[in-house]
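Here's the structure we're looking at; comments come further down.
The model shown is predicted, which means the values in this text are computed figures rather than measured ones.
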Amino acid sequence: MTSSTPDPGSPARRPLLTRRNLLAATGLTAAGVSAGPLLGWSTAQAAASPDCPPGTTAPVPPAAKGPAIPASGYLVEEIADRVYWLTDGLYQMIFVTTAEGVVAVDAPPTIGKNILRAIATVTNSRVTHAIYSHHHADHTGAMILYRGARFYAHMQVADLLRQTNDPNRPLPDVTFDRHLTVHAGEDVLELAYHGPNHSPGNIFINLPAQRVLMLVDVVFPGWVPFAYLAESQNIPGWLEAPAQALRYPFDTYIGGHLTRLGTRHDVLIQQEYMAELRAQAASAIATFNPASVYQSVDPTNPWAIFRAYLDGVASQAASAVIPHWVDRLGGADVYTLPNAYQLVESLRIDYGQLGPFGIHP
């Protein structure tokens, strides 16, 4: 879950697509369209919910809720034999206590030095093996805490770490291309790269004996994906990654984010959400009338016209999806719209579903 930083001198990143600014951009506000129908609620329903004050967000569904975070600011639990899950309620990592020392996967800076405190509550051993799931600093920006460990990463992660030269993310000692098995005592962690998805070098970390799989920023158990399909850099690969995950015989899934552990069912649920969003995005590309945007933007400004068109298509897709998911996945009302926007763009430029911008007759 990482937001891209603009290059020096470039315009700031586009703001989050909210219902308010999207509807205004496409002229739907003037047409009298309110946020309530977009969410599938009446105004009275929204106002009547004590958990959802008007103008904010929908109540978090039970399926999205996880265990309470203690006053210490972190929760550590043994989720399989000597495999521990560590979370602050937003970010997640795992570590394994082995005969050779601790194997840690990732080091989210929001958990920070609580990582070492949490490890110290279950073992006196130090971290001897440190694995990068991928290079993004929001998941690995505290890897420096494992100084003295042997670091492992995909070769593309090593290249990206060299480019960014972040002192808090040491370069790996061991890199690989497709597969690497890390042995620590009698424990085995299978690292695999199945191609680009969320980011170059984002890997699958499989613990076969414990039936635990970690894949970060792909599936968000109980929640819709983070904005713009988790800010992923290869949308076709990201869409395929859940099916790749299901080929592993795991019971417990670590997604790197939010409130709880995942299961195989959570992977299937996200596939269902994404399939519906993809179908509605494709339908919107095929049916949205681009002429409808001219009345709300400067007709001499091509960028304004195109932005209004894309926002309108995304809004049409999101409005069809949100009512089906607002009670099933957390944040469906928050991030379905930017996710629809990103999926529309991928369908256009990756898959060639160009709608009115296809081959001119």
Side-chain angles (χ1 to χ4, degrees), residues 1 3 13-26 28-29 33-42 45-46 49 51-52 54-65 198 217-232 235 238-239 241-242 255 257-259 262 266-288 307-348 350-351 353:
M1 189 178 79
S3 295
R13 180 176 176 79
R14 65 178 180 269
L16 174 66
L17 285 174
T18 65
R19 290 183 297 279
R20 182 183 300 274
N21 66 31
L22 188 147
L23 294 174
T26 57
L28 297 178
T29 301
V33 178
S34 69
L38 183 63
L39 297 177
W41 308 327
S42 68
Q45 284 175 314
S49 173
D51 297 322
C52 181
T56 58
T57 57
V60 174
K65 295 180 180 179
H198 170 64
D217 284 335
V218 172
V219 174
F220 297 74
W223 297 80
V224 301
F226 181 67
Y228 303 102
L229 302 182
E231 300 279 6
S232 297
I235 300 304
W238 185 86
L239 291 171
H257 276 296
L258 297 175
T259 49
D266 288 306
V267 180
L268 293 169
I269 288 294
Q270 181 163 309
Q271 285 183 310
E272 183 183 344
Y273 168 82
M274 288 306 306
E276 182 173 348
L277 187 61
R278 181 171 180 168
Q280 292 297 338
S283 175
I285 291 171
T287 62
F288 185 84
R307 174 64 187 267
Y309 165 76
L310 292 175
D311 286 352
V313 174
S315 178
Q316 180 175 316
S319 66
V321 171
I322 291 172
H324 301 161
W325 289 93
V326 72
D327 295 324
R328 296 183 64 190
L329 291 178
D333 59 320
V334 178
Y335 278 149
T336 295
L337 187 54
N339 285 336
Y341 186 101
Q342 189 71 10
L343 190 52
V344 165
E345 279 295 81
S346 180
L347 290 176
R348 288 187 340 96
D350 292 324
Y351 294 95
Q353 297 180 31

Check: Okay, side chain of Gln271, backbone of Asp266: is any donor-acceptor separation there less than 3.5 Å?
Finding: no

Check: What is the minimum heavy-atom distance between Asn339 and Tyr273, and which atoms define it?
Finding: ND2-OH, 3.9 Å

Next item on the list: Evaluate the ring planes of Tyr335 and Phe226, with Trp represented by its six-membered ring, and classify them as parallel (under 30°), tilted (30 to 60°) or perpendicular (over 60°).
Entry: perpendicular

Note to self: Quick check for you: to the nearest 0.5 Å, what is the distance between Leu277 atom CG and His324 atom NE2?
What the structure shows: 12.0 Å

Notebook entry, point to check: Just by modelled atom types, is the Ser283 backbone N or O under 3.5 Å from a matching donor or acceptor in the Thr287 side chain?
Noted result: yes

Note to self: Suppose we screen for side-chain hydrogen bond (donor to acceptor under 3.5 Å, both in side chains). Which residues come up paired with Gln280, at least two apart in sequence or across chains?
What the structure shows: none

Note to self: Going by the rule side chain to side chain contact (heavy atoms under 4.5 Å, CB included), which residues pair with Ala281 if we only count those two or more places apart in sequence or in a different chain?
What the structure shows: Ala317, Leu343, Val344, Leu347

Note to self: Can you give me the closest heavy-atom contact between Pro61 and Asp327, atom names plus distance?
What the structure shows: CB-O, 3.3 Å

Checklist line | Derivation of the side chain to side chain contact (heavy atoms under 4.5 Å, CB included) call for Lys65 and Val60 | finding: CA-CA 7 Å; Lys65 295 180 180 179; Val60 174; 3.9 Å; yes

Checklist line | N/O donor-acceptor pair under 3.5 Å between Asp217 side chain and Ala230 backbone | finding: no

Checklist line | Atom pair CD (Gln342) and CD (Glu231), whose distance is rounded to the nearest 0.5 Å | finding: 7.5 Å

Next item on the list: Check whether any side-chain heavy atom of Met274 sits under 4.5 Å from a side-chain heavy atom of Trp238, and report yes or no.
Entry: yes

Margin query: Between Glu272 and Arg328, is there a side-chain heavy-atom distance shorter than 4.5 Å?
Written below: yes

Item checked: Distance-only polar pair, side chains of Tyr341 and Ser315, donor-acceptor under 3.5 Å -> no

Margin query: Tell me the closest heavy-atom pair linking Pro221 and Gly262, and the distance in Å.
Written below: CG-CA, 3.6 Å

Notebook entry, point to check: Less than 4.5 Å apart, any side-chain heavy atom of Gln353 and any of Arg348?
Noted result: no

Notebook entry, point to check: Side chain of Trp223, backbone of His257: donor and acceptor closer than 3.5 Å?
Noted result: no

Note to self: For a quick test of reading the model, state the closest non-hydrogen atom pair linking Ala64 to Gly222 and the distance between them.
What the structure shows: CB-O, 3.1 Å

Next item on the list: State which residues pass side chain to side chain contact (heavy atoms under 4.5 Å, CB included) with Ser346; sequence neighbours excluded, sorted by chain then number.
Entry: Ile235, Pro236, Asp350, Tyr351

Margin query: When you compare the side chain of Glu276 with that of Trp325, does any pair of heavy atoms fall below 4.5 Å?
Written below: yes

Check: Does a side-chain heavy-atom distance below 4.5 Å link Val313 with Gln316?
Finding: no

Checklist line | From OG1 (Thr57) to CG (Asp333), nearest 0.5 Å | finding: 5.5 Å

